[in-house]
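One structure is given below, encoded as structure tokens.
We use all heavy atoms of the structure for the numbers below, so side chains are in, but hydrogens, waters and symmetry mates are not. Numbered from 1 within each chain, the chains take letters A, B, ... in sequence-line order.
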Protein chains: 2
Amino acid sequence: MSDTGIKRRATVHDVARTAGVSLATVDRVLNDRPGVRAATAEKVEAAIAEIGFRRDISASLLARARDLALTFIIPDGTNEFMASLTDAVTRRAGQALSDRMNIETLRVRALDADALAQSLDGLDPRECDCAIIVASEEPSVVAAVDNATRRGIMVMTLVSDLPGSLRRRFIGIDNVAAGRTAASLLGRFMPMGGKLAVIAGSLHLRDHADRLKGFQAGLTAEFPQLELIGPVEGHDERPQTEAIVTDLLRRHPDLGGLYNLGAGNAGLVRALEGSGRSGQIRVIAHELTEPTRKGLHSGAIDVVLDQNPDGEIREAIEAARTLALDANGTAITDPIEIGIFLRDNLR
Amino acid sequence: MSDTGIKRRATVHDVARTAGVSLATVDRVLNDRPGVRAATAEKVEAAIAEIGFRRDISASLLARARDLALTFIIPDGTNEFMASLTDAVTRRAGQALSDRMNIETLRVRALDADALAQSLDGLDPRECDCAIIVASEEPSVVAAVDNATRRGIMVMTLVSDLPGSLRRRFIGIDNVAAGRTAASLLGRFMPMGGKLAVIAGSLHLRDHADRLKGFQAGLTAEFPQLELIGPVEGHDERPQTEAIVTDLLRRHPDLGGLYNLGAGNAGLVRALEGSGRSGQIRVIAHELTEPTRKGLHSGAIDVVLDQNPDGEIREAIEAARTLALDANGTAITDPIEIGIFLRDNLR
DNA sequence: GCTGCCATGAGGTACGTGCCTCATGACGTA
DNA sequence: TACGTCATGAGGCACGTACCTCATGGCAGC
């Protein structure tokens, strides 16, 4: 087979010729501008489908003569996971620049719905094409998301979703599945049965509640021989979690497993190592951060379930880029996987 | 703070002005064209660093007036993992098109080094900017890679690396770590000790050998109470693997664990289910494919270690795109993580 | 002072799309 | 008939980079 012809991608000119309309009309259809009869628009759509035209993102961004502006709004505070999310954004921002994307990060007070809503309301559609937020489930946030959407700012949710709002996409893991996974591992780690304690941050947090739900369901279905203690709430704080774990260890000398589905892992590790029983109890925690890494290395923690902040940021950026130019876009984005880390496959 | 000015990215014009040279000279430096004194080039580089200029990929690709051409060369045959790699390429090819990338897939006979070398030799630099190959470690392949590189075709390796060649990047997992991870999980699954069998495809394959190395090291270091049987070679084929597992089960009624670090998993599952002992033995296999998914669901397999073909393809494409425009590029690409899948976190 | 080579400048066109203005023709209504 | 509205066409400039041609000035060797 001799391939003589040089392959050329279809352009707007080809669409115009095929549809038998002018370039201006094609442009109006492509960019949802008014002044096109429905029948004409259909002709154009048909031509697009026929010749397989795909808008050239490079040229499109170039012609817009400005960058795609993304704004990440991330909870502030001492939460290490949020810090690593922010780090990931910063890291990506650099290389995103040469892809005509300008990324800004805003941090708002954690768990302060009104602060989040205000930040959203304060975004200028001329300076922000897409906002990516770690949502908390409050009416004021839903209203702010919907309002932003109406002003022309696309909103996506990260880590924690906001169903019922006009958010365009959710990027995060399935927390029920994460809880089930923890149950499945701990069950296999304790084939002889025994006692198993659960610690949560706060059951008012949607992701924590989901994890607990999955965990309990998994245990009941697969490992009924295990005796469940808790959940106890540690409010995601180091000292409180440390106290709780210390107390659990004291009261249950035969404790075989521990699942911390919230944060406060520095306290968890301290309590375990302080007890002298580190390594004898199978422990699962969440999020690959400094304390959990240390725990994995020392053997205090067996497994860490992780939602891969870097991957989430990558997906968010990619989704925003695609959606921004193709409103009814069918962007292929990878589902965020639940990462499972042992000491042996630490990245 | 009133932010009056509109942020504008630095362009080649800015570089020219800052360096005190003409646009043409900047262009020569940027694109490695001759006709620039070393001293002048340095001035330009300095200006680039000073104003933080980053070449605009969009405009660059546009101006080149042709797509980036990538060619994936993937082993042919019945190997399901290679099939899913190919699927991933096909899926990405579509959306890559609107990013000015034209992706082709070539399939060559598996384990046939000369066929791979010939394919590489046959690539035309005008029609292929970058080849991504699943390398086998043979001198003829190394020669072909180096030759392609000299002709101006960038080569990257996928899944299996080719150290000592001029390949620009390797994209794949750390197989030693994968083996260690398997040992770590199986060890925790069998706290009372017991017998543990290992099946490989062929120890002449580098990745298999690496996995075995990691597995043995992990067991020795952490779980010396486990008795290791094997490795037995199943040559990655279904019937052979089935026979081996059936035989192992028959000869070791007290077998507690099984690690298949190669392919042939359909045979593994059949043998387990045929024996009636499925679910009583802790089993770890590799690659999330149809047979291993079935095994996870039925409970025949406990854990699947996966190298995430889709992610690998994504990284390959991204790396190619970045490297193609920035030869000494410092592309941030994500390391390929070892995915750990249980029934409960199947994607 | 001539020739020839080299480094550099000046300026253009092109890539595919976005977005603007202006013209034109069709149609409906007062 | 006159006017307004609307769909559409025609054409052009802009975005930032690639790549081309041609001109110019310097410098070495003769």
Side-chain angles (χ1 to χ4, degrees), chain A residues 6-17 19-44 47-48 51-68 97-102 126 129 321 324-327, chain B residues 6-17 19-44 47-48 51-68 97-102 129 324-327:
Chain A
I6 295 171
K7 275 170 236 152
R8 205 178 53 80
R9 102 173 36 254
T11 73
V12 280
H13 296 82
D14 304 320
V15 175
R17 205 178 321 110
V21 300
S22 76
L23 218 66
T25 301
V26 174
D27 184 68
R28 289 178 184 115
V29 172
L30 280 177
N31 296 293
D32 282 324
R33 271 187 275 275
V36 183
R37 253 180 318 195
T40 311
E42 272 170 36
K43 272 200 304 184
V44 175
I48 290 176
I51 64 178
F53 166 78
R54 298 198 55 155
R55 185 199 311 242
D56 183 322
I57 302 190
S58 305
S60 174
L61 281 177
L62 184 57
R64 282 171 211 266
R66 74 184 177 97
D67 295 357
L68 251 193
L97 255 186
S98 49
D99 255 334
R100 304 198 69 84
M101 287 188 290
N102 199 352
R126 289 166 306 182
D129 299 285
R321 188 172 130 92
L325 297 178
D326 194 5
Chain B
I6 295 171
K7 274 171 235 152
R8 208 178 51 81
R9 96 174 41 255
T11 74
V12 279
H13 295 82
D14 303 321
V15 175
R17 205 175 325 111
V21 301
S22 76
L23 219 65
T25 301
V26 174
D27 185 67
R28 289 177 185 115
V29 172
L30 279 178
N31 296 293
D32 282 324
R33 271 187 275 274
V36 182
R37 253 180 316 195
T40 311
E42 271 170 37
K43 271 201 303 182
V44 174
I48 290 176
I51 66 178
F53 167 79
R54 299 196 54 155
R55 186 198 312 240
D56 184 322
I57 301 190
S58 303
S60 173
L61 282 177
L62 184 58
R64 283 167 152 83
R66 76 184 176 94
D67 295 357
L68 250 194
L97 255 186
S98 50
D99 255 334
R100 303 198 73 87
M101 286 188 289
N102 199 353
D129 301 286
L325 296 178
D326 193 5

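Distances shown here put a side-chain N or O of B:S22 below 4.0 Å from the OP1 or OP2 atom of C:dG9. For D:dA7, neither phosphate oxygen OP1 nor OP2 lies less than 4.0 angstrom from any side-chain nitrogen or oxygen of A:T40. Not one side-chain nitrogen or oxygen of A:R37 sits closer than 4.0 Å to the OP1 or OP2 atom of D:dA7. A close approach under 4.0 Å does not occur between any side-chain nitrogen or oxygen of A:R64 and OP1 or OP2 of C:dT17. Contact check, A:T25 against D:dA7: no side-chain N or O comes under 4.0 Å of OP1 or OP2.
Atom-to-atom, NE2 of B:H13 to C1' of D:dC15 comes out at 11 Å; the value is rounded to the nearest Å. Rounded to whole Å, the distance from CG on B:L62 to C1' on D:dA18 is 10 Å. For the pair A:K43 NZ and D:dT8 C1', the interatomic distance rounds to 10 Å; values are reported in whole Å. Residue A:R33 contributes atom CZ, which lies 13 Å from atom C1' of C:dT21 at whole-angstrom precision. The distance from atom CG of A:D56 to atom P of C:dG18 is 9 Å, rounded to the nearest whole Å. Across the protein-nucleic acid pair, A:L23 atom CG and D:dC13 atom C1' stand 14 Å apart, rounded to whole Å. One interatomic measurement links the two molecules: CZ of A:R54 to C1' of C:dT17, which rounds to 16 Å at whole-angstrom precision. Rounded to whole Å, atom P of C:dC15 lies 18 Å from atom CG of B:N102.
Here the closest non-hydrogen pair linking A:P34 and A:R28 is O-CD, 3.8 Å. The two residues B:V26 and B:A16 make their nearest non-hydrogen contact at CG2-CA, 3.6 Å.
For the pair A:P34 and A:A24, both in contact range of DNA chain D, the more 5′-proximal nearest nucleotide belongs to A:P34. Along DNA chain C, the nucleotide closest to A:R28 and the one closest to B:A38 are compared, and the more 5′ of them pairs with B:A38.
Test B:V29, B:N31, B:V36 against B:R33 for side chain to side chain contact (heavy atoms under 4.5 Å, CB included) and you get one pass: B:N31.
The closest side-chain heavy-atom distance from B:R55 to B:V12 is not below 4.5 Å.
Side-chain atoms of A:D27 lie closest to C:dC19 of the nucleotides D:dT17, C:dT17, C:dC19. Nearest nucleotide to the side chain of A:S60, out of D:dG16, C:dG18, D:dA18: C:dG18.
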Legend entry - Stepwise side-chain contact (heavy atoms from CB on, under 4.5 Å) check, A:F53 with A:L30: CA-CA 11 Å; A:F53 166 78; A:L30 280 177; 4.0 Å; yes
